[in-house]
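Residue numbers start from 1 in every chain, and the chains themselves are labelled A, B, ... in the order their sequence lines are given, proteins ahead of strands. Only a predicted model underlies this, so the values are computations on that prediction, with no experimental measurement involved.
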2 protein chains.
Amino acid sequence: MIDARSGVPAWRQLADDLRARIGSGEFAPGAALPSEAQLGQQYGLGRTTVRRAVAALRAEGVVVVQHGYGMRVPVPAEPQIVRPEPGSVVSTRMPTPAERAAFGMADGVPVLVITGPDGLPEAYPGDQVVVPVD
Amino acid sequence: MIDARSGVPAWRQLADDLRARIGSGEFAPGAALPSEAQLGQQYGLGRTTVRRAVAALRAEGVVVVQHGYGMRVPVPAEPQIVRPEPGSVVSTRMPTPAERAAFGMADGVPVLVITGPDGLPEAYPGDQVVVPVD
DNA sequence: TATAATTTGTGCGTATGTATA
DNA sequence: TTATACATACGCACAAATTAT
């Protein structure tokens, strides 16, 4: 599964493989993934390397990790529709730690920023909000 | 600077401090930050801990790192205005590795996804694009 | 062109702490 | 309480990219 001579880092090969397995439906939303120790044994990698791969998947929002419990594929939230007032502009960025805490956001989830005509920006969790454009 | 008895992980204290120093203007956009070794010595931390903090700042898009060169505060791009056709919806998520490579995006930069009335989604680099809502 | 110095990247190991079941 | 699983933090060695000499 892991080719040490491919030039591609082992942690990236593992991340790519897990991402593909998730995308294929082998791990459905809500499903638990193998533990770090299991992954390390199955793929023949040290724990540091496994954690590096998991960190990458977390940063992509592909998996969510709960301390002491394990790793799961996130369940998509029902999208909430936000209608900005005319003259607003929509942009995106990663949340500040304060925003992450305030919204209870997982790793790898950006915010949608709506800046009103008054120039005041407001941030919304990017995994729960969509903005229609008419 | 780092309080080992505060209960807050050392890497998070370092990340918070660097983020604050960047926000204060001590490190302006385009400015270089100290090397990992320098940070480790200045804050009395091991390299693993320093790299953990840097990884967090990268995931936030607060710093960009270049292999063999160093770490800098990113320079904001001139925003490009994209006007979706009426009936589109705007959302956000982290890019896939393929999208990251295609757009040459740094870590910690989300994509803005515009789904047209036909249901076809299109992704744009989130650090370069804004969408007006009329 | 080649070499060295600097800096980040990869990968491993160990130990201990904390959260969950 | 016990077992499992993730979190923190240190160390080491070597690889790869960049820059300057």
Side-chain angles (χ1 to χ4, degrees), chain A residues 1-18 27 30-59 61-74 97 100-101 104 106-108, chain B residues 1-18 27 30-59 61-74 97 100-101 104 106-108:
Chain A
M1 301 153 168
I2 303 294
D3 182 4
R5 284 158 302 178
S6 70
V8 180
W11 66 264
R12 184 177 295 276
Q13 294 184 51
L14 173 55
D16 290 345
D17 195 58
L18 290 177
F27 299 107
L33 274 73
S35 70
E36 294 177 352
Q38 287 175 328
L39 288 174
Q41 223 171 15
Q42 291 170 10
Y43 286 85
L45 298 172
R47 188 170 177 227
T48 308
T49 306
V50 172
R51 282 182 64 77
R52 183 75 182 80
V54 171
L57 296 177
R58 291 174 66 164
V62 173
V63 301
V64 290
V65 178
Q66 200 173 350
H67 186 177
Y69 176 68
M71 204 184 334
R72 287 173 302 168
V73 180
R100 290 240 339 257
D107 288 329
Chain B
M1 301 149 168
I2 302 294
D3 182 4
R5 282 158 302 179
S6 69
V8 179
W11 67 264
R12 183 176 296 276
Q13 294 183 52
L14 173 54
D16 290 345
D17 195 59
L18 290 176
F27 299 107
L33 275 72
S35 70
E36 295 176 352
Q38 288 174 327
L39 288 175
Q41 217 169 21
Q42 291 170 10
Y43 287 85
L45 298 172
R47 192 182 173 210
T48 309
T49 307
V50 172
R51 282 182 64 76
R52 181 73 183 82
V54 171
L57 296 177
R58 291 175 66 164
V62 173
V63 301
V64 289
V65 178
Q66 199 174 352
H67 186 181
Y69 177 67
M71 201 184 334
R72 286 174 303 170
V73 180
R100 289 241 339 257
D107 288 328

query: So which of residues 5-15 of chain B are in contact with DNA chain C, with a heavy-atom cut-off of under 4.0 Å?
result: none

Are side-chain heavy atoms of [X] and [Y] found at a separation under 4.5 Å?
X        : Y        : answer
A:Asp107 : A:Arg100 : yes
B:Leu39  : B:Leu45  : no
B:Asp17  : B:Tyr43  : yes

- line: Residues passing the side-chain hydrogen bond (donor to acceptor under 3.5 Å, both in side chains) test with B:Gln13, sequence neighbours excluded, are B:Ser6

- request: With sequence neighbours left out, write down each residue that passes side-chain hydrogen bond (donor to acceptor under 3.5 Å, both in side chains) with A:Gln66, or none if nothing qualifies.
  value: A:Arg72

message: Among residues 40-47 of chain B, which ones have heavy-atom contacts with DNA chain D below 4.0 Å?
response: B:Leu45, B:Gly46, B:Arg47

- prompt: Which of residues 31-39 of chain A have a heavy atom under 4.0 Å from DNA chain D?
  reply: A:Ser35, A:Glu36

field: G-U wobble or Watson-Crick pairing nucleotide for D:dT18 (cut-off 3.5 Å, both distances)
entry: C:dA5

So how far is it from [X] [atom1] to [Y] [atom2], rounded to the nearest 0.5 Å?
X       : Y       : atom1 : atom2 : result
B:Leu18 : B:Met71 : CG    : CE    : 7.5 Å
B:Thr48 : B:Glu36 : OG1   : CD    : 10.0 Å
A:Leu14 : A:Leu57 : CG    : CG    : 7.5 Å

- prompt: Is the number of heavy atoms from other residues, nucleotides or ligands within 6.0 Å of CD (A:Gln42) greater than 12?
  reply: yes

task: State whether A:Arg51 places a side-chain N or O below 4.0 Å from either non-bridging phosphate oxygen (OP1 or OP2) of D:dA7.
output: yes

Protein-nucleic acid N or O pairs under 3.5 Å, nucleotides 17-21 of chain C:
residue, atom, partner, partner atom, Å
C:dG17, N2, A:His67, NE2, 3.4
C:dT18, O2, A:His67, NE2, 2.9

field: Nearest atoms (heavy-atom pairs only) where A:Gly61 meets A:Pro74
entry: O-CG, 3.6 Å

task: Using atom CZ of A:Arg52 as one end and atom C1' of C:dG13 as the other, report the distance to the nearest whole Å.
output: 18 Å

field: Spacing between B:Ile2 atom CD1 and D:dT8 atom P, to the nearest angstrom
entry: 14 Å

query: Given that A:Val65 and A:Thr48 both sit by DNA chain D, which one's nearest nucleotide is further toward the 5' end?
result: A:Val65

task: Determine the sole option in B:Val62, B:Val63, B:Leu33 for which the side-chain contact (heavy atoms from CB on, under 4.5 Å) test with B:Phe27 is passed.
output: B:Leu33

